[in-house]
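Below is one structure; the comments refer to it alone.
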Amino acid sequence: MNIRDLLNQRFTKAMQAAGLPSECQPHVTPSKASGKKSQFGEYQANGAMAAAKIAKAKPVDIAQRIVNQLNIDDLASQVDIAGPGFINITLKPEWLAREIVTVNQNKNLSIQPPLSPQTVVVDYSSPNLAKEMHVGHLRSTIIGDAIVRTLEFQGHKVIRQNHVGDWGTQFGMLIAELEEQLQDGESATLALKDLERFYQRAKKHFDDSENFANKARDYVVKLQSNDEKTLSLWKQFKQVSLAHSQEIYTTLNVSLTEQDVYGESAYNDDLGILVDELCAQKLAIEDQGAQVVFLEEMPDKDGSPSPVIIRKQDGGFLYATTDLAAIRYRANSLNADRILYFIDARQSLHMQQVFTIARKATFVNNQVSLEHHAFGTMMGNDGKPFKTRSGGTVKLADLLEEAIERAEKIVAEKNTELSDSERKEIAQKVGVGAIKYADLSKTRTNDYIFNWESMLSFEGNTAPYLQYAYTRIQSIFRKAGVTGNELNTPITLTEDAEIALAVKTLQFSEVIEQVTKEAYPHLLCHYIYDLAGLFMRFYEQCPILKEGIDETTKNSRLQLLYAIANTLGKGLDLLGIDTMDRM
RNA sequence: GCGCCCGUAGCUCAGUUGGAUAGAGCAUCCGCCUUCUAAGCGGACGGUCAGAGGUUCGAAUCCUCUCGGGCGCGCCA
């Protein structure tokens with residue numbers, strides 16, 4: 001159930017009945033309540049003003065005509081015209097109560113499945129396997145994962161694509177290094193234990209030794225010609241590196257598995273074919289020995305068509321080529337309706353070029369939605385890209401370890417009654433949740449400033465606040481000795497705090513819809529923060545298990561709580577943040 | 001030079017197809033634990049929405065210009 005859609009439907013009918021032109025929209029939105037009791041009701045329809053312009057009449061008169069035709073007595077207790085022509089709607093507590101019951105009876109929290117589920121291919125995380133995952137991979141990984149989870153919850157078919165960097169000239173160097181270390185009797189797992197150091201050693205080796213550099217170049221050629229021994233080394237490298245990534249995903253509570261890995265190398269055999277096709281279509285032409293696609297729809301500095309090189313002078317391919325092969329595979333073999341890319345904003349131009357070429361070459365038809373959901377860079381307190389004290393790249397593994405350590409200290413302070421294992425488990429969920437939430441709660445398109453203190457202060461708009469709200473609810477159910485789903489007594493909403501909570505809970509579906517439409521997880525964050533905040537207020541104002549609370553009120557509030565717990569829990573789950581029963 | 005993004009409270013950030021008095025958190029200050037977990041709640045303080053024009057019933061939001069910051073622009077990915 002979606003209140004906004006429902007009201008829009010009712011208002012659309014009323015506007016038609018009032019004889020307004022069909023292009024007039026009701027424009028229903030939740031009223032700005034800012035937590036407190038709203039003076040304007042819970043929803044408002046603002047379409048009368050725009051309709052008045054079209055119908056050339058006074059907005060207030062139009063509003064009155066709409067209200068006269070409006071049929072919402074079943075769900076609204078009051079409809080007022082205010083100001084220049086706002087129509088304010090106050091919902092009936094009894095209706096809200098019934099809808100809360102429905103939410104409690106429905107596994108999907110009353111989210112309606114899409115009329116026609118889509119196949120959505122989501123490209124996210126995509127680390128370079130040559131190196132260890134670092135903070136630069138964090139945003140793509142967790143934002144992409146939140147969207148993936150939300151799409152699946154809605155009922156869409158999601159195909160995760162971890163487009164890992166597992167190909168390219170640097171692998172010649174790495175294989176050469178691996179081969180030497182294996183000759184020294186080292187196992188691949190051990191040699192690659194510290195991928196970062198391994199890479200640096202290989203690089204140094206490459207720079208220092210002409211002999212080694214030649215060997216590395218030789219391996220590149222062998223790799224490309226499918227030499228069996230070289231491929232075997234490459235596969236070993238890949239496997240160890242993937243295991244590193246997988247470990248990070250597990251710690252991060254990210255839903256990617258090795259089944260979702262479909263890296264650059266997967267497209268090798270298609271690259272030459274693809275370039276030939278683009279040449280045959282006359283989209284690609286030779287320029288200075290390279291194969292280039294010129295795009296007049298994206299003019300360069302001089303106003304002439306901008307070039308995209310798809311094959312180098314030396315015959316090698318570039319990442320534009322691979323991305324084109326990937327987009328074709330996703331559209332045609334995976335039958336995607338939407339293809340989402342969670343990639344750094346700095347690659348906006350590149351993505352636009354790839355999308356444009358893919359359309360022109362009809363690799364992807366116009367029904368398929370191609371979406372680059374860009375995000376900004378993670379900055380340090382100084383406003384510059386987040387680095388270690390010595391200026392190096394921050395490893396994701398180190399970042400997570402530090403978050404968990406810091407969390408454990410705080411958990412130990414706040415709650416002294418936990419066993420060692422409980423405390424460790426909570427610290428893990430709190431620390432990782434804090435990092436993820438700090439990132440997810442910011443509009444993804446902007447750069448964001450990473451700050452340990454604000455993130456782990458665990459006060460205000462942070463993951464621990466939300467997790468704490470959840471544990472408070474669980475604690476009440478524990479004390480009450482019920483689970484929530486066994487209650488089926490009537491719900492009565494009387495207090496402002498209760499009504500506000502009920503409305504907010506029922507708005508979950510509106511938020512979910514917007515989140516997947518625009519790929520904005522921060523909307524979900526703000527929603528559950530509002531929900532948790534309203535719950536905290538309710539918690540203070542509306543006792544449940546205390547003395548003097550009659551059975552009916554108690555059971556009614558417990559059921560409301562049950563809906564909140566499920567909604568809050570699901571919201572956090574969609575963000576990839578764990579909950580717990582106590583903390 | 002051309003293109004994209006950004007500029008909102010001391011700091012970090014919201015602000016939904018243009019809507020009513022621009023909202024949170026942190027910080028500061030004042031209250032609230034013999035009562036469901038105080039990682040909490042209530043209150044106070046805090047704004048020329050970078051600046052100037054324009055569009056209209058109405059602009060932080062749309063258009064133009066200026067200032068300031070970030071990023072990208074042919075053989076790396």
For the residue pair A:Arg444 and A:His373, confirm or rule out a side-chain donor-acceptor distance under 3.5 Å.
yes
Note: [X]-[Y] ion pair, threshold 4.0 Å (strictly below):
X: A:Lys504; Y: A:Asp530; value: yes
X: A:Lys429; Y: A:Glu425; value: yes
X: A:Asp382; Y: A:Lys384; value: no

Atom-to-atom span, [atom1] of [X] to [atom2] of [N] - whole angstrom:
X: A:Leu349; N: B:C71; atom1: CG; atom2: P; value: 16 Å
X: A:Tyr465; N: B:U37; atom1: OH; atom2: C1'; value: 14 Å
X: A:Asp581; N: B:A39; atom1: CG; atom2: P; value: 18 Å

Could you tell me whether the phosphate oxygens of [N], OP1 or OP2, come under 4.0 Å of any side-chain nitrogen or oxygen in [X]?
X: A:Arg472; N: B:A38; value: yes
X: A:Tyr539; N: B:U35; value: no
X: A:Lys312; N: B:C76; value: yes

Judged by each residue's nearest nucleotide on RNA chain B, which is more toward the 5′ side, A:Gly83 or A:Thr443?
A:Thr443
Which is more 5' along RNA chain B, the nucleotide nearest A:Tyr529 or the one nearest A:Val28? Just name the residue.
A:Val28
Go ahead and name the base partner of [N]; Watson-Crick or wobble counts if both distances stay under 3.5 Å, otherwise write none.
N: B:C62; result: B:G54
N: B:G42; result: B:C30
N: B:G1; result: B:C73
N: B:G7; result: B:C67
N: B:G23; result: B:C13
N: B:C36; result: none

By the 4.0 Å heavy-atom rule, please label [X] as base, sugar-phosphate, or nothing.
X: A:Ala82; value: base
X: A:Arg4; value: base
X: A:Met49; value: base
X: A:Phe317; value: sugar-phosphate
X: A:Arg582; value: base
X: A:Gln313; value: base
X: A:His522; value: sugar-phosphate
X: A:Ile544; value: base
X: A:Ile449; value: sugar-phosphate
X: A:Phe86; value: base
X: A:Lys479; value: sugar-phosphate
X: A:Gln25; value: nothing
X: A:Cys525; value: nothing
X: A:Ser475; value: base

Would A:Lys131 count as a cation-pi partner of A:Tyr199, with NZ or CZ less than 6.0 Å from the six-membered ring centre and within 45° of the ring normal?
yes
What distance, rounded to whole Å, do you find between the two P atoms, one in B:A52 and one in B:U17?
25 Å
Please measure how far the P atom in B:C62 lies from the corresponding atom in B:U16, and state the result in whole Å.
10 Å
B:C33, syn or anti by chi within 90 degrees of zero:
syn
Using a 6.0 Å cut-off, check whether atom CD of A:Glu417 has over 12 heavy atoms from anything other than its own residue.
no
From the options B:A39, B:U56, B:G70, select the nucleotide whose nearest atom is closest to the side chain of A:Asp447.
B:G70
When only distance counts, do a donor and an acceptor, one from the side chain of [X] and one from the base of [N], lie under 3.5 Å apart?
X: A:Asn88; N: B:A20; result: yes
X: A:Gln352; N: B:C4; result: no
X: A:Tyr468; N: B:A39; result: no

Calculate, to the nearest 0.5 Å, the distance between atoms CZ and CD1 belonging to A:Phe535 and A:Ile473 respectively.
4.0 Å
